[in-house]
Structures are given as structure tokens and as C-alpha cells.
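Accompanying notes for the structure given below.
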Amino acid sequence: MCGIFGCVGLDESVKAVLSGLRRLEYRGYDSAGVCTFSNDKIIFEKQVGKISTLDEATEKKGMKGNKLALAHTRWATHGKPTKENAHPHLDEKNTLALVHNGIIENHEVLRRDLKAKGVKFLSDTDSEVIAHLIAKDFEEDLLGAVQRSLPLLEGSFAIGVIHEKEPNTIIAFCKDAPLAVGMNEGVTYLSSDPNAFPSEVKNVVFLSNGEIARLQAGVLELFDGDLTPIQRESLIIERHDQVFSKGDYEHYTLKEIDEQPMAIRNALFNRTHYDFGTATLEGLNLSIHELLEVERVLILGCGTSYHAGIIGAMMIEELARVPTQIEIASEYRYSNPIVLPGTLVIAISQSGETADTVAAVRELKTKGAPVLWIGNVQGSTLAREADGALFLRAGPEIGVCSTKAFTNQVVVLSLFALMMGRMRHLSRDEGKAFLDCLMRLPDEVQTILDRKGDIAKLAKKYAKYDNFFFLGRRYMYPVSLEAALKLKEISYINANGYPAGELKHGPIALINESCPTVAFTTNQTTFPKMKSNLQEVKARHGLVLAVSSVDHRALDGVADDLIQVPQTIDPLASVLASVAGQLLAYYIALERGANIDQPRNLAKAVTVE
Ligand code: M6R
């Protein structure tokens, strides 16, 4: 994972790279570092913790950066989050500094060889190996040294390197890890994500796999692995001046939960065709004929996106009667997938950068399947590599815990399912009835948000427990998985999402008075069964907090506490129930004093396997 940001050609380059780095903090935030030149020597600073700590340290040192700076924010893979393991990594004489994103799979062998040659290592990282390798190979130029070292490295990675002999140059390389170069008025920027460039940078060049770049002030040269120059037109990327501000909120996470009504309206805007009871989706890049020829759908995702995918799969089967398989990308990528003709792949990824999802997509593309990406970040790897894209339009999601992106994923998937259904057996009236419910969703979400004080009160009661079950059936099963993930992620409580009917096949052994159950009961077709399952919990002295859309008397005797949500059709009830789950997780985490926006050990985009 990790984020790389560099710039050449700016006087106060350290400030500039730290500001870019802040926008990459979603890629990791356990330590950070920066290097630049002073009197033709490399100087650097590293700090454990957030970029703000690094900022203070460079400020204190008066480290301004002379035309060039290269910075890194880390998410630990090899070695603990310590100052020694933070980037940049330098060679023994401090002549070269390197920042690295990704994993060097053969680092142990390389380290052994280097140690045998007398090299002393200062860190436990795989990254330091690259710094020593390149430094050892440096003769006259950095480009040549990098190029000669690359064939020794195995894995997926991106690097940025500087050398004291070339104080006006950054050399960059990437293989299965993103790197972009942006240019504006004599300044050249390097970043793991083009969205981190200053807003005036509109022209962007993406490095392709195996390409080496030489960046100098206002100049970019690209080379292939043999150092043959490559010509590449820059792309003009759409820049949204995104507001990264919490406003009056204590946490981005709550702000983003509260933004959901607006985000859903954005997701629906111009995508519904009420008179025809259907959806019109731009960016599919599939003709009506091709859509009609889709015989099966395969959905891929990780974490929250996988949970949205389960709901999407159920909706596509229910509305369009198209068989739909849902797979965890990190497992699927190694399965040598059987891709039958007529398969449409939907890859769900908020960031568009999740390494496992990207790898699974690449595998499926080599098998000839068309891939549609459902995601949020323009210019991301999947935005560029998928055949079609459906944007979530959720706005930037800064909290590591995915909230509004999840609900918009479900909404966009529901539009897709509706459109596919209308192209098959679904009648216009059925389509209109579905749209009626969809259009009511933002107001219904607002109703839950307006009553969040009640959930905050319940959180006070439930925050003391260390183990939870989250149960649901049909659409409420993925909702349970998602709500349990939210609680685990931001409050560090052990929470199990489970299909309620499966409880009796083993996990019921864990139910007792100190393990509460959060029960999502708003799937109408399975309500009576769900109620019986909860009675089984009560019979074992389990505490039950039910998320319900029915008259509270219907749950008398089985629910100790209730969170009331509006009633809607089963597929869309998943959105409403999830909002309740998000609020519960948020307020419990708040009670427990957790770091809600940036939970320990996590990163917003998981760019390593
Ligand atoms: O960017 P993606 O949607 O591909 O991210 C996938 C997961 O890493 C992500 O959803 C993760 O599970 C969330 N932090 C959960 O809140």
C-alpha cells in the first residue's frame, strides 16, 4: 500500500509534497517521511504517526526543499511502524533515497546476498533492499542504475528514487502499482494517485507497467525496460475541487453518514426514466444488444464492496432473473476462473485501487470477459482499465470506514438490476413501483438520521460488550455482515455477521447474557422465520437489539431494544437497515473513544495483496 508523492521545480517543495501526501493518507497512515537536498546532500525526515507529525518536524527543522522533494506515507507490510522502517530508505552513504509502494516478494534472498557483500541494513523492510541494489549499481546516471536493478526485483511495486549526483531528477518506476505524473508551469509532480495533485494540474500521464520515468522541472521522459524512449500524450483529467473538510463535525465518518440522502440523490440524478419504469446508465459502454446477450453476471469486490455485491447479486437475480455469482476478489483471483460466454463482470471498488480487485479484473479480462466497474474515484486504476464504469457520485469518502460509498453502491446496483429487469420480463408498472421506492429512499434515510440521538443512547448501553452477533436473513444477511464489519473496524469489538438461520448450526453456542445480538428484521418475506431465530437467542439469555420497520408489538418478547426504520421493499430495506448499523457502530466507537476516521492497522485503499 503506501503513497508516493514527489515534485521537481518548486522552491518550497517540501511543503508542496506534504500537502500532496495528505491527500494520499488514505493509502496508509502509520508513518511518513520526506527527503530533499541541502548543499547538494540528501537530507530527510521520518516520523511515526500521521503526516501532521511529519509536518511539524520539518517545520521545526526549517526543511523547505530546494526545487525537489520526495515523500511517502506508509502502511506497514514488512516491519513494524517505526522511524527506521518509515521511508525514504537510503543507501549506506546517504547518496540515494528511495520511496516504495508495494511488495518485493524476493526481498529475503536479495537481502541475504547484499548482507554477504557487507551491506548493513537499518530497517526490516523489503524496500531498503531496493535502495542498496540501485546504489550499488550507480555508475554515472540514476536512470541506468534503476534500469539495471529492476530485473532483480519480483513483486508488484512502484518506486521513486533520487541521487545526490542528480539533484534535479526523480526516477520513477511501476509494475502493477499505480503512478501518475502531472505537470503545470515548469513543475513536475509524481503521485500514486492523480487526485492528490494540486487542483491546477490538469494534464496527467499514467505510467504503464514496466515503464521508467525521468522527472525534471517541467520535463517528463518515459522509457521502456530497455531504455527506449516512449512517447505518450497526456490525458486531461477531470478535477473536482474536493472539499476535504469536516465542517462542524468531529469525524468525517459521521459527516459522511449524514451526507447519504444527498449522495443517493446524486446517484439517482439523470439515471431514472420514470415513464418507462427503468434506468438509463451512462458509461456502461455496452450496447442494448450486448446487454440483452448477458446470460450471467459475476460480481467481485472486497470488504464493504463485497457486501454491496451480495445485495447486488440478489437484486439482479430477483429483478432481472439473470443468474449472478458473487465472489471475494482476493480469493477469486487465484481460482483460475471458469468464464462462460455471456458473462458480464461487475467489479465493485470505491477506490478503484484495491489490489485484489484489480488483479481479479486483469485475470478476467485476459479470459475475454467485459468488465464494468462500479466505483467512486475518477482516474483510478479500475476507472482506466475496466471496459465500462458506473460512478457512485458519492463525493470523496475520507473516513476509512465506508458508509456513503456503500449505500450508493447498493443504489447504483439497484438501478442496474432494474434496467436489466426491464430489458427482460419486468413490466413497466413493476419498474415504476420499484422506482417509486427508490426515489423515496433519500427521505427515508433522512428520517433515520433525524433520530440518531436515539441510537446514540442505545450505544451507551451496548458499548460495554466485547462480543456481538449481527443476524439477518435474505437481504438482511449481507447487511449483518456489513454492520458487523463497521463495528469491528471502528470500535475494535469482535462482531460476527451471520445468516440468522445458520445460528443453530453451531454459533448459538456462543450466545449468552454478555454477547448481544443485533437483529436486522426488515426483510418482510423472512420476518416470521427471523422472529423464531430471535426467540432461540432469547431462550439462551441473549440480549436482542432489533432493527425493525414493523409495529414494535410484533417483536414483543424477542427484542430488548428497537431501532425503528421506515418500511420499504426488501431489496431497498438493505440501505435503510445499513444506515442504522452505521450509526450504531459510530456511536459505540465514540463511547469507547476509538480513532473513528483512521482506525488502527487500516488504510482506506488496500493496494497490496
Ligand atoms: O476501495 P474498495 O471499495 O475496493 O475497498 C474495499 C475494502 O477495502 C473496503 O470496503 C473496506 O472493507 C472498508 N474500509 C470497510 O469499511
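These numbers were taken from a predicted model, which means no experiment stands behind them.
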Could you walk me through whether Ser351 and Asn376 pass the side-chain contact (heavy atoms from CB on, under 4.5 Å) check?
CA-CA 6 Å; Ser351 61; Asn376 207 30; over 6 Å; no
Which heavy atom of [X] sits nearest a heavy atom of [Y], and at what distance?
| X | Y | value |
| --- | --- | --- |
| Ser127 | Leu98 | O-CD2, 3.6 Å |
| Ala308 | Ile348 | C-CD1, 4.4 Å |
| Pro478 | Ile311 | CG-CG1, 3.5 Å |
| Ala196 | Ser191 | CB-OG, 3.7 Å |

Sidechain-backbone polar pair: [X] side chain, [Y] backbone, donor-acceptor under 3.5 Å:
| X | Y | value |
| --- | --- | --- |
| Tyr29 | Arg600 | no |
| Asp356 | Ala329 | no |
| Arg333 | Ala360 | no |
| Thr58 | Leu54 | yes |
| Asp597 | Gly399 | no |
| Lys404 | Ala394 | yes |
| His72 | His100 | yes |
| Ser234 | Asn203 | no |
| Asn408 | Ala263 | yes |
| Ser574 | Tyr475 | no |

Are [X] and [Y] close enough that some pair of their side-chain heavy atoms sits under 4.5 Å apart?
| X | Y | value |
| --- | --- | --- |
| Thr73 | Ile4 | no |
| Phe157 | Ile103 | no |
| Leu220 | Arg232 | no |
| Ile288 | Met423 | yes |
| Ser156 | Lys175 | no |
| Glu327 | Gln325 | yes |
| Ile374 | Phe416 | no |
| Phe470 | Leu487 | yes |

Residue pairs fulfilling ring-ring contact (aromatic ring centres under 6.0 Å, His included) with at least one residue in residues 371-414, sequence neighbours excluded
Trp373-Phe391
Are a donor atom and an acceptor atom from the side chains of [X] and [Y] found within less than 3.5 Å of each other?
| X | Y | result |
| --- | --- | --- |
| Thr304 | Gln350 | no |
| Ser380 | Glu353 | no |
| Gln446 | Glu444 | no |
| Asn184 | Tyr189 | no |
| Gln260 | Gln582 | yes |
| Ser287 | Glu290 | yes |

Under the side-chain contact (heavy atoms from CB on, under 4.5 Å) rule, what do Leu300 and Val345 come out as? Steps first, then yes or no, please.
CA-CA 8 Å; Leu300 296 165; Val345 176; 4.0 Å; yes
Whether [Y] and [X] form a salt bridge (side-chain N of Lys/Arg under 4.0 Å from carboxylate O of Asp/Glu) is what I want to check.
| X | Y | result |
| --- | --- | --- |
| Lys452 | Asp258 | yes |
| Asp55 | Arg22 | yes |
| Glu259 | Lys255 | yes |
| Glu385 | Arg362 | yes |
| Arg265 | Asp443 | yes |

Which salt bridge (charged side-chain N to carboxylate O under 4.0 Å, His left out) pairs, counting each pair once, include a residue from residues 390-402, with sequence neighbours left out?
Glu282-Arg393, Glu397-Lys604
Could you give the distance from [atom1] ([X]) to [atom2] ([Y]), rounded to the nearest 0.5 Å?
| X | Y | atom1 | atom2 | answer |
| --- | --- | --- | --- | --- |
| Leu415 | Leu390 | CG | CG | 8.5 Å |
| Ile398 | Arg23 | CD1 | CZ | 8.5 Å |
| Ile130 | Leu153 | CD1 | CG | 5.5 Å |
| Ile346 | Gln409 | CD1 | CD | 11.5 Å |
| Leu583 | Ile257 | CG | CD1 | 5.0 Å |
| Leu215 | Ile170 | CG | CD1 | 5.5 Å |

Residues passing the side-chain contact (heavy atoms from CB on, under 4.5 Å) test with Lys365, sequence neighbours excluded, are Val361, Val371, Asp387
Apply side-chain contact (heavy atoms from CB on, under 4.5 Å) to the pair Val579 and Leu576, showing each step before the final yes or no.
CA-CA 5 Å; Val579 173; Leu576 302 180; 5.7 Å; no
Looking at Glu105, I want to see if its CD is surrounded by more than 12 non-hydrogen atoms of other residues, nucleotides or ligands under 6.0 Å.
yes
Ring centers of Phe520, Tyr477 separated by less than 6.0 Å
no
Lys/Arg cation over aromatic Phe223: Arg214, 6.0 Å, 45° cone:
no
Run the side-chain contact (heavy atoms from CB on, under 4.5 Å) check on Ile212 and Ile171 step by step: do they pass?
CA-CA 7 Å; Ile212 311 174; Ile171 301 292; 3.8 Å; yes
